[in-house]
2 protein chains.
Amino acid sequence: MSRPTKQSPERGNARTRLLEAARDIIRVKGYTASTVDDICRAADVTKGAFFHHFGSKDALGVAAAEFWAETTSAFFAGAPYHDPADPLERVLAYIAFRKAIMVGDLAEFTCLVGTMAQEIYVSSVEIRDACGRSIFGHAATLEADIEAARRDRGIVGDWTAESLARHTQAVLQGGFVLAKAGNDPELARESLDHLDRYLRHLFHVTEDDRT
Amino acid sequence: MSRPTKQSPERGNARTRLLEAARDIIRVKGYTASTVDDICRAADVTKGAFFHHFGSKDALGVAAAEFWAETTSAFFAGAPYHDPADPLERVLAYIAFRKAIMVGDLAEFTCLVGTMAQEIYVSSVEIRDACGRSIFGHAATLEADIEAARRDRGIVGDWTAESLARHTQAVLQGGFVLAKAGNDPELARESLDHLDRYLRHLFHVTEDDRT
DNA sequence: CTAAACATACCATTCAGTCGGTATGTGTCA
DNA sequence: TGACACATACCGACTGAATGGTATGTTTAG
């Protein structure tokens, strides 16, 4: 699959480089403002190669969303927040982890598929659905722990693990929007603190074990 | 200021029509994908008139964000959620009101400035700041009631009225993102239910007075 | 030898922005 | 009162610079 030619010696094949470049550029400029030439330049790939791998710019958009889903799910699957034995601890550790990785530039930790979805949810159903699968697929990975925590602690309330899992993603996405609008990453972390507090209230936790 | 000539008889001046058209189109297609010609066509205004009123497309973007801030603040200022005598009731009524106005098509109740901010926060500092002013200006209108409620009920906690007000906006914005990604307005309402529950927990309210 | 993986030049279209014009209202001075 | 200057609002054909996409040729692996 890979072809380390003279002009792209070692660093992956063109397709992957294009997907990585698309991810980085779209997170900064948005989908529409990111041109095919922009992405080719950043990936150090010619236009011919671009259209060899992707039938259209929109096809790249779908592939970028799927690539995002794959890479992030691998990243989160290997993250340390799964370690605690108690499911509620794992859920709270997830929030803490999301907060902890919000470092550096805004474009480095904001969500590609959230950004794309806002922009093209009418223009391209294919891209929108790919973004939706990524977001809700990730939300689904939280459901089991939330449901287990609920059972463990005998919590009753008019909410489901599914909806609470989605709500965590909404808070994250909303935090990103505020952080961008205010040009301050702290705004995203701030909302995660409220989310953490909400969960502790829901599960009747009052002590705080982490920073 | 208005000039009811023969070609634009009665329905407002060109500038306002352009701002309204920009609002409607950008909410559907995003800022970059909305062309000047698109907006002119929708406003039934020529390109000459467009560039007579706005120096550039970006200038329209800034004006659209400011127009949004003005019209929405007037709308919310006149909304019935201010009626209750108790400040906490007013805050909860605000959430209920936001949920109640989420009807019809997604593009009809989602937030223009949230959408724009995600897209152009790097590309245009002017538009970004205008979006920020709109969002945080609106958040600020909630602070007084939140602070009063906190004082009234003697609530102590490691959060401020300011940050909680911002959090309500984050949940709203995040709800919009999920609703777009999942193409289902209910996803936005769902997160508002969690926000409502969070507030009731924070302020130690258990009864439910509304639907 | 074949097919995939590129590269390069090119094309049709679209885009933001321009420019020379017209129509209409307004202030002013004889 | 009327003539003239001037400003604002608007018109729409045009332009140069992208932009997405294509056509055709070349390199490399198996």
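What you see below is based on every heavy atom in this structure, not just the backbone, and it leaves out hydrogens, waters and symmetry mates. Within every chain, numbering begins at 1; the chains are lettered A, B, ... in the order of the sequence lines, protein sequences first and strands thereafter.
Near DNA chain D, defined here as any heavy-atom distance below 4.0 Å, the residues from residues 46-58 of chain A are K47(A), F51(A), S56(A), K57(A), listed numerically. For the contact set between residues 20-28 of chain B and DNA chain D, defined by any heavy atom under 4.0 Å, there are no members.
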message = Quick one, Y94(A) with R98(A), criterion side chain to side chain donor-acceptor pair (under 3.5 Å). Give me CA distance, side-chain angles, the key distance, then yes/no.
response = CA-CA 6 Å; Y94(A) 168 76; R98(A) 291 306 303 255; 2.9 Å; yes
task = Using the side chain to side chain donor-acceptor pair (under 3.5 Å) rule, take E119(A) and T115(B) through it: C-alpha gap first, then chi angles, then the decisive distance, then the call.
result = CA-CA 7 Å; E119(A) 206 182 331; T115(B) 305; over 6 Å; no
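Residues Y121(A) and D129(A) bring no donor and acceptor atom of their side chains to less than 3.5 Å of each other. Checking Y31(A) against D58(A) by side-chain atom types alone, a donor-acceptor pair falls below 3.5 Å. A side-chain donor-acceptor contact under 3.5 Å links S163(B) and H194(A).
Distance CG (N13(B)) to P (dC10(D)): 7 Å, rounded to an integer number of Å. In this structure, D38(B) places its CG atom 8 Å from P of dA16(C), rounding to the nearest Å. As a whole-Å value, the separation of D37(A) CG from dT13(C) P is 19 Å. Between R41(A) atom CZ and dT19(D) atom C1' the separation is 12 Å, expressed in whole Å.
In this structure, R197(B) does not pair ionically with D193(B), as no charged nitrogen and carboxylate oxygen lie closer than 4.0 Å. Salt bridge E147(B)/R150(B): absent, no basic N to carboxylate O contact under 4.0 Å.
The heavy-atom pair separating A64(B) from L112(B) by the smallest distance is O-CD2, 3.8 Å.
The nucleotide whose nearest atom lies closest to any side-chain atom of V36(B) is, among dA16(C), dT19(D), dC6(C), dA16(C).
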